[in-house]
There are 2 protein chains.
Amino acid sequence: MLAIVAEVFREHGYEGASLSLIGEATGLGKGSLYHFFPGGKEEMARAVIAHIDGWFEDNVFGPLRDSTDPLAGVERMIEATDSYFRSGRRVCLIGAFALDESRDLFAGQIRSYFGRWVTHLADALARSGHRPGEASELAEEAVAAIQGTLTLARAANDLDVFSRALRRLRMRLGVPAKT
Amino acid sequence: MLAIVAEVFREHGYEGASLSLIGEATGLGKGSLYHFFPGGKEEMARAVIAHIDGWFEDNVFGPLRDSTDPLAGVERMIEATDSYFRSGRRVCLIGAFALDESRDLFAGQIRSYFGRWVTHLADALARSGHRPGEASELAEEAVAAIQGTLTLARAANDLDVFSRALRRLRMRLGVPAKT
DNA sequence: GACTCATTGTACCGATCGGTACAATCTGGG
DNA sequence: CCCAGATTGTACCGATCGGTACAATGAGTC
């Protein structure tokens, strides 16, 4: 349900995702939509962001934080990223929201999401032996690389762009290449 | 004029940039807007993309292509990028268009813009001594880094994110650090 | 001054926007 | 079976959307 709404926002952006599109995609009328989300479109978007945030908490930030082998956590992050973004076919909704005016509405959630991604990754890299400052920079570079690659992959309509980027990412972060 | 319209699209996205917003920003009524752009909003966006593309052709792709010292061309690209994106305060309109549904309308222009950026940078890097395959990968990585950093900088609302990324970029591409 | 043609403001169009109201319907607990 | 509360479809709201029509005005040109 939230996943379907997320897909509509992902495809059309916050402004472009009209209630009729959302209703059509979910099979729900406005009555139901406003029953579950009395706050309307903004509340839907907020719930969708929270849902995505939860997924990343479980599948990305968690492993980064909890893996005893920090590099194994990084590898799990990369695999989760690859599967979530469908090797570049999918776009990062939160990244897209960060770019346009909807940023102002969701600034807190957006900042928190990217902030935690970078700090958890930096922590893992520091535990894997990088100097703290270097770990921070590497983490920031890695998250930016993923976001930028999503843009590039969409622009070029080329799936290889994304897999190449993940390969470079493993190299830069010191994760053994996948066999 | 085109610059003002560009700013509206940049701030609000393609869907969010209404004709009334554009009219307000430019001081032009619908009469004038449709006089100059009979094709309406789509033609405006197309013209804006072409305008930006021209700016990059002159200030980024050109130096990359024509500088006798390829690394000097790369340095000019980095400086032009920093000034164009106002150190991360501004967002890449073409990158934003690549993410949402407006991508379909402008797919050709978007692909061409990013394609030329990557290939011209790859050429310069190859001329500066990198092996061709490595140069391609580096170029792709660099353009993605810039795009992703714009997202991250917007999300964090932190200017330092962008300057750090440019510093790393100089290092990765072998350009002497700015003094 | 008269003619031309580019430019502009304004009124208007049907469609759709996000949101509200509310009656009808479903559904499980007593 | 009945009732309360959750759920739903539908009609409707004012506002705004992108776009059109057109008359008024502007600025040269001869």
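Each chain gets a letter, A, B and so on, in the order its sequence line appears, and its residues count up from 1. Please read these numbers as outputs of a predicted model, since none were measured by experiment.
Contact between the side-chain N/O atoms of B/Ser20 and the OP1/OP2 oxygens of D/dC17 is found at a separation under 4.0 Å.
Whole-Å rounding puts the B/Lys30 NZ to D/dG19 C1' distance at 7 Å. Here the P atom of nucleotide C/dG18 and the CD atom of A/Glu24 are 13 Å apart, to the nearest Å. What separates CD of A/Glu15 from P of C/dT16 is a distance of 18 Å, to the nearest Å. Atom NE2 of B/His12 is separated from atom P of D/dT16 by 15 Å (rounded to the nearest Å). What separates NZ of A/Lys41 from P of C/dC17 is a distance of 9 Å, to the nearest Å. Rounded to a whole Å, the CD1 atom of A/Ile22 is 13 Å from the C1' atom of C/dG19. We find that CG of A/Leu33 is positioned 14 Å from C1' of C/dT20, with the value rounded to whole Å. Rounded to whole Å, atom P of C/dG19 lies 11 Å from atom CD of A/Glu43.
Toward the 5' end of DNA chain C, the nearer of the two residues A/Leu19 and A/Gly31, judged by each one's closest nucleotide, is A/Leu19.
The side chain of B/His35 lies closest to C/dT8, out of C/dT8, D/dG18, C/dG18. Across C/dG19, D/dG19, D/dT8, the shortest atom-to-atom separation from the side chain of A/Phe36 is found for D/dT8. With D/dG19, D/dT8, C/dG18 as the candidates, the nucleotide lying closest to the side chain of A/Ser18 is C/dG18. Taking the side chain of A/Ser32 as heavy atoms from C-beta on, and the options D/dG9, D/dG19, C/dT20, the nearest nucleotide is D/dG9. With D/dT20, C/dT20, D/dT8 as the choices, the nucleotide that has an atom nearest any side-chain atom of B/Tyr34 turns out to be D/dT20.
Between A/Glu15 and A/Glu101, the closest side-chain pair of non-hydrogen atoms falls below 4.5 Å.
B/Phe162 pairs by the ring-ring contact (aromatic ring centres under 6.0 Å, His included) definition with nothing, not counting sequence neighbours. Residues passing the side-chain contact (heavy atoms from CB on, under 4.5 Å) test with A/Arg111, sequence neighbours excluded: B/Asn157.
Between A/Glu140 and B/Arg168, at least one side-chain nitrogen of the basic residue sits less than 4.0 Å from a carboxylate oxygen of the acidic one, meeting the salt-bridge criterion.
When the shell of 6.0 Å around CZ of A/Arg131 is examined, it contains 12 or fewer heavy atoms from other residues, nucleotides or ligands.
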